[in-house]
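As the structure lists them, so they are numbered: ligands from 1, and atoms in each ligand from 1. Index from 1, following the sequence.
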Amino acid sequence: MKIHVKVPATTANLGPGFDAIGLALNLWNEAEFSPASDGKINITVEGEGVGKIPLDEKNSIAEAAMLIYEKTGKPFTGLQISCLNRVPLGSGLGSSSAAMLTGMLGANGLLGSPLSDEEILKLAIETEGHPDNVAPAMLGGLVASIVHDERVLSIKLPARANRSPIHVTIVLPDFDFPTHQARAILPQEVQRKDAIFNISRSIMVTEALRTGDLNLLGNAMEDRLHQPYRLPLIPGAQNALDAARAAGAAAVALSGAGPSLIAFSSKQDPKIGLAMQKAYAKAGLSSRIFELEPSTEGAEVMII
Ligand code: HSE
């Protein structure tokens, strides 16, 4: 028996919804899990991250898979994992959440699904530390999360992005900006006016995505809790954001902790990505453009 797992890229925060909302995108990592009997994990990787991703027990997918064996107390006899990665690493597109879910879902599938999807999601959120990438990667669509009584509650929100085209242009500059660094530079305390600024706008962002109102999305997709601290550390990012708006994007934000920027528009328009790329080039950075759509579907596990 083999298990095939697909997990989508995700964009977290969506401007003001810092650590609270995220959206799945139609860019998928895939992996095939088969049992082995040599007591080892053997991993192959194609696509994004080849040459960078460790192929031993330090591999994130392997670590996540081993957590499932520990959690369920099932004996580990060995694993063969073949990965096809499409989500770029360290990009702000949820590659680490995708890897974690891939490992957990693959191992759980091979063991005959001892853990439910809810249990996998809970374990992944606890391990990752914040839910805004993991939850949409698991559930698909637009997902809001809260921590209540030390438990995370994640709800898939209605989104027009599920039904009609809201186009997304991601531009990923060639700049190393690890999430732990992007979180460490944020202030521990915020001013009340900034909290109000973000709370009000994040409600509007979810409403704009529910109704497909890109005008409203443009007015609401502003942030005072993380972007003002992060954007100046990424060369050319502020200019790229402004260039995307000038080229016709309805709304633009840092994708997750960055360094990618995400621009929303009603249709695919190459001018948006090229304008952002030009701004990064002026700052001396090469960049890659990804033309995507939101995905209603979340992670998928198939027995093959
Ligand atoms: N909400 C997180 C952040 C997403 O902005 O730091 C990164 O995983």
Side-chain angles (χ1 to χ4, degrees), residues 7-25 27 29 48-49 60 63-64 87-104 121 123-139 141-147 152-155 157 168 170-173 175-190 194-195 197-199 201-203 205-206 209 220-234 237-238 241 251-262 290 294 298-299:
V7 183
T10 47
T11 183
N13 302 332
L14 296 158
F18 179 60
D19 275 4
I21 50 177
L23 181 69
L25 299 171
L27 182 70
N29 278 357
E48 297 288 337
S60 311
E63 284 179 346
V87 183
L89 265 54
S91 57
L93 292 173
S95 66
S96 62
S97 294
M100 185 177 301
L101 282 177
T102 300
M104 289 181 177
L121 179 57
L123 184 62
I125 289 170
E126 279 167 12
T127 315
E128 175 80 350
H130 38 91
D132 49 341
N133 285 112
V134 171
M138 185 74 181
L139 303 173
L142 176 66
V143 178
S145 301
I146 58 168
V147 182
V152 179
L153 177 63
S154 294
I155 307 255
L157 302 175
V168 159
I170 305 275
V171 179
L172 169 61
F175 182 72
D176 198 26
F177 194 48
T179 299
H180 64 87
Q181 184 190 334
R183 292 182 79 79
I185 53 105
L186 300 180
Q188 289 297 329
E189 289 176 8
V190 302
D194 292 339
F197 184 96
N198 270 55
I199 292 165
R201 279 166 181 74
S202 56
I203 295 166
V205 163
T206 57
L209 289 172
M221 196 166 269
E222 288 184 297
D223 164 79
R224 288 202 182 153
L225 299 185
H226 68 110
Q227 288 189 182
Y229 306 98
R230 289 169 164 173
L231 278 180
L233 302 179
I234 307 168
Q238 183 64 57
L241 191 149
V252 193
L254 203 55
S255 182
S260 290
L261 286 175
I262 181 163
F290 297 80

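Atom CG of Leu142 is separated from atom CG of Leu23 by 5.5 Å, given to the nearest 0.5 angstrom. Atoms CD1 and OG, from Ile125 and Ser97 in turn, are 9.0 Å apart once rounded to the nearest 0.5 Å. Annotation: the span from Gln227 atom CD to Gln238 atom CD amounts to 8.5 Å, rounded to 0.5 Å. Between the OG1 atom in Thr206 and the CG atom in Leu14 there is a gap of 10.0 Å [rounded to 0.5 Å]. The distance from atom OG of Ser91 to atom CD of Glu48, rounded to the nearest 0.5 Å, is 8.0 Å. Put simply, CG on Asp132 and CZ on Phe18 are 8.0 Å apart, with the number rounded to the nearest 0.5 Å.
A side-chain donor-acceptor contact under 3.5 Å links Arg230 to the backbone of Ala182. A donor-acceptor contact shorter than 3.5 Å links the side chain of Asn29 to the backbone of Val87.
The protein heavy-atom contact nearest to atom 8 (O) of ligand 1 is His130 CE1, 2.9 Å.
Distances between N or O atoms of Glu128 and those of ligand 1 include no value under 3.5 Å. Of the N or O atoms in Thr179, none lie within a sub-3.5 Å distance of an N or O in ligand 1.
Within the structure, the closest approach of Gln227 to ligand 1 does not fall below 4.0 Å when heavy atoms are considered.
Counting the atoms of ligand 1 from 1 in the order shown, those under 4.0 Å from a heavy atom of Phe18 are 3 (C), 5 (O), 6 (O). Near Asn133, with a cut-off below 4.0 Å to any heavy atom, the atoms of ligand 1 are 4 (C), 7 (C), 8 (O). The distance from ligand 1 to the heavy atoms of Asp132 drops below 4.0 Å at these ligand atoms: 1 (N), 2 (C), 4 (C). Every atom of ligand 1 with a heavy atom of Asp19 under 4.0 Å away is listed here by number and element: 1 (N), 2 (C), 3 (C). If you number the atoms of ligand 1 from 1 as listed, the ones under 4.0 Å from a heavy atom of Asn13 come out as 1 (N), 3 (C), 5 (O). Counting atoms of ligand 1 from 1 in the listed order, those under 4.0 Å from a heavy atom of Arg183 are 1 (N), 2 (C), 3 (C), 6 (O).
Counting heavy atoms under 4.0 Å from ligand 1, residue His226 does not touch it at all.
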